[in-house]
2 protein chains.
Amino acid sequence: MKMTIYDVAEKAGVSISTVSRVINNTGRISDKTRRMVLRVMEEMDYHPNVHASALTGKKTNMIGLITPDISNPFFGELAKSIEDSAGVLGFHIIICSTDYQPEKETKYFSMLRQKQADGIIFATGLDHDDSVTALDDIVKSGTPLAMITQDKPLAPMDVVIIDDFLGGYTAAQHLISLGHKKIACIVGNGSTTGERDRIKGFQKAMRQAGMTLDESLIIPTEYSLESGKQAAAELFDRDLPTAVFAFNDVLSCAAIQAARSRGIRVPEDLSVIGFDNTILAEMTAPPLTTISQPIREMGRRVVELLIDEIQGKKKAKSKIVLSPELVIRQSTAPAKTRPQQ
Amino acid sequence: MKMTIYDVAEKAGVSISTVSRVINNTGRISDKTRRMVLRVMEEMDYHPNVHASALTGKKTNMIGLITPDISNPFFGELAKSIEDSAGVLGFHIIICSTDYQPEKETKYFSMLRQKQADGIIFATGLDHDDSVTALDDIVKSGTPLAMITQDKPLAPMDVVIIDDFLGGYTAAQHLISLGHKKIACIVGNGSTTGERDRIKGFQKAMRQAGMTLDESLIIPTEYSLESGKQAAAELFDRDLPTAVFAFNDVLSCAAIQAARSRGIRVPEDLSVIGFDNTILAEMTAPPLTTISQPIREMGRRVVELLIDEIQGKKKAKSKIVLSPELVIRQSTAPAKTRPQQ
DNA sequence: CTGTTAGCGCCTTCAT
DNA sequence: ATGAAGGCGCTAACAG
């Protein structure tokens, strides 16, 4: 049942180049023959062989998505949005889950180059040196690149991020408006530009309110439930704040759990604000006040940018900065005017 | 810098067919030339062009994964495991997220056929008629197929499932052992074989304990937080049980939330047991007692099965049934001997 | 506007 | 054990 361009040509009574031309919308063809070829293709349920055309240097309609961990709800939702948006435009996604291991990153690079992926979207850190040199190869090959949730000027590429500074600022403002003065931040490992910006935004809001963020209340940790719990536990035992700003929803859950196991009530004794607004935020108890990232839109936008470039519709790289938004649920509450009262 | 088989042949002083032979481990080659060719390939960092070899009917090293929704933690973790396991064996995954829309299913089928995916893993219902006919085409093409989390005899294919009967049985047993008598089940839309088996297992345990499962306490709903909450709410308002068995972790969260908003305490007033043991189970408050599916192992096993078949190492289809396991956390507790005491 | 033809990189008989 | 040559399905000059 495998139709080739020859079958179509024969049945349409034209040559294969004519068929090829209508497929690719190239060269001049009389409207009449175009329509008839189109009809024949339809009738025969013909679909061009991707590998044959890739072999001659054409597109493969495949985009690689490099992500640290699709089982993490944030990246899961992002991947889904990217897959959806790409699908509409006729592209398909190869997932590459690095599990935070830089070696895997470089492995994926070379495999994507080999398979002639039309473009690559990065959602990982790209920290390791090997990754960077491997990246160079890809850049030289001219493959369009895009980066999401992060803005590292490693190579010219499209970027879609949120205004992390604003996110940090908004979170702080919310807590401050509730009367909190002693606020801790549970941050990640500090490797992304986003994290640093969030801290800066947070500090700005504090300063504007005439406060300062105590360095000892900035707690670095890994982005996992376990390490988050541990970090929060240590903090609470050492120096209990009245509010915590956790840098993602998982860490917020961690903070809430650590609090609960110590008899600290959320939000009565401790307010917790998260980041991302993934499905987790609705699942926790109490439901999480959090800074929402427009995940679906972010996915849609990277894909648009990248595919525009793949199709040669645009050349200049662009950066899109989306706004985060405060979503108030029930994990934050006014600070008590006096402790323990 | 694109190396071809010709470059290798020239540098090695042999013909391309010799090189081809060592690449594919085919035909007879002197050990000496094999080693030298291998060395040259290494030196030149040569990697065969997948498209060219696909064009001649060889493998593409790509596997399609058809899943309803990777942003759902269960499928996210499954996808990750599948991607990992496949990666180790040199295969890559194209994700196809159907969003529970059968039309998308058939679209993906045809695209995977076109791209000559070496195999396909289904994690979706395959309910729609169109999907089934489209499936036929794929079966005829001889593409190895595998199905996970479900056992529908639509076509000969490998299957990896858990013992859902046992899962339902275990859940019931746990609740019964805690003294619960009035137990409700929040099930899905009933389309999968797994669901039906769980109910059967549940009923078996009830019967063994001399009880029966009241039909009116089997609540069908969609697998989403929203509809779960609504279903639970209606149930609670109508006829409050002392325990609920929800068919996945999301529905458990829904039940817990519906309970809380009514002042029903979990687990004091109401025990809730879930299914899947996704990351959600640890995130909720209280942490969820749930029936654990060995997600990672399931992923690994389908991949092994499918790839074995792709590589012609096995022909007969096999079915692997893994055991679910009870994970006790804090959402279940002994039934009160008397209501309201 | 349309047809002819030479590759793209690799696999696979068929000879040697 | 190795080489030569045709073909996989399609694109892109190059001729009409």
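Within every chain, numbering begins at 1; the chains are lettered A, B, ... in the order of the sequence lines, protein sequences first and strands thereafter.
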Expressed as a whole number of angstroms, how long is the span from [X]:[atom1] to [N]:[atom2]?
| X | N | atom1 | atom2 | result |
| --- | --- | --- | --- | --- |
| A/Asn49 | C/dG9 | CG | P | 16 Å |
| B/Tyr46 | C/dC10 | OH | P | 3 Å |
| B/Arg113 | D/dG9 | CZ | P | 14 Å |
| B/Ile29 | C/dT12 | CD1 | C1' | 13 Å |
| A/Asn25 | C/dC1 | CG | P | 14 Å |
| A/Arg28 | C/dT2 | CZ | P | 11 Å |
| A/Lys115 | C/dG9 | NZ | P | 17 Å |
| B/Lys2 | C/dG7 | NZ | P | 18 Å |

For [N], take OP1 and OP2 only and decide whether either is under 4.0 Å from a side-chain N or O of [X].
| X | N | result |
| --- | --- | --- |
| B/Asn24 | C/dC11 | yes |
| B/Thr33 | D/dT2 | yes |
| B/Lys58 | D/dC8 | no |

Checklist entry - With a 4.0 Å cut-off, would you call B/Lys140 and B/Asp136 a salt bridge? => result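 So B/Lys140 does not pair with B/Asp136 through a salt bridge.
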Item to check | Electrostatic pair B/Arg301:B/Glu297 at N-O distance under 4.0 angstrom | outcome: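 Looking at B/Arg301 and B/Glu297, the cut-off is met.
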Item to check | First of B/Val50 and A/Gly27 reached from the 5' end of DNA chain C, by closest nucleotide | outcome: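 Closer to the 5' end of DNA chain C: A/Gly27.
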Checklist entry - Among D/dG3, D/dT2, C/dT2, which is the nearest nucleotide to the side chain of A/Arg21? => result C/dT2
Next on the checklist: Of the options D/dG7, D/dT2, D/dC10, whose atoms approach the side-chain atoms of B/Thr56 most closely?
Outcome noted: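 For the B/Thr56 side chain, the nearest candidate turns out to be D/dG7.
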Checklist entry - For A/Glu10, does the CD atom sit with more than 12 other heavy atoms under 6.0 Å from it, leaving out its own atoms? => result no
Checklist entry - Does atom NZ of A/Lys107 have more than 12 heavy-atom neighbours from other groups under 6.0 Å away? => result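 No, not enclosed.
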Checklist entry - Mind checking whether B/Phe122 and B/Phe109 have parallel, tilted or perpendicular rings, split at 30° and 60°? => result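 Judged by the thresholds at 30° and 60°, the geometry between B/Phe122 and B/Phe109 is perpendicular.
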Checklist entry - Is a side-chain donor or acceptor of B/Asp99 paired with a backbone partner of B/Gln101 at a separation under 3.5 angstrom? => result no
Checklist entry - Tell me the salt bridge (charged side-chain N to carboxylate O under 4.0 Å, His left out) pairs involving residues 54-72 of chain A, sequence neighbours left out? => result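 Of all non-adjacent pairs touching residues 54-72 of chain A, those that pass salt bridge (charged side-chain N to carboxylate O under 4.0 Å, His left out) are A/Asp69-B/Lys80.
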Checklist entry - In residues 5-20 of chain B, which residues come under 4.0 Å of DNA chain C by heavy atom? => result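 Correct list: B/Ile5, B/Tyr6, B/Ile16, B/Ser17, B/Ser20.
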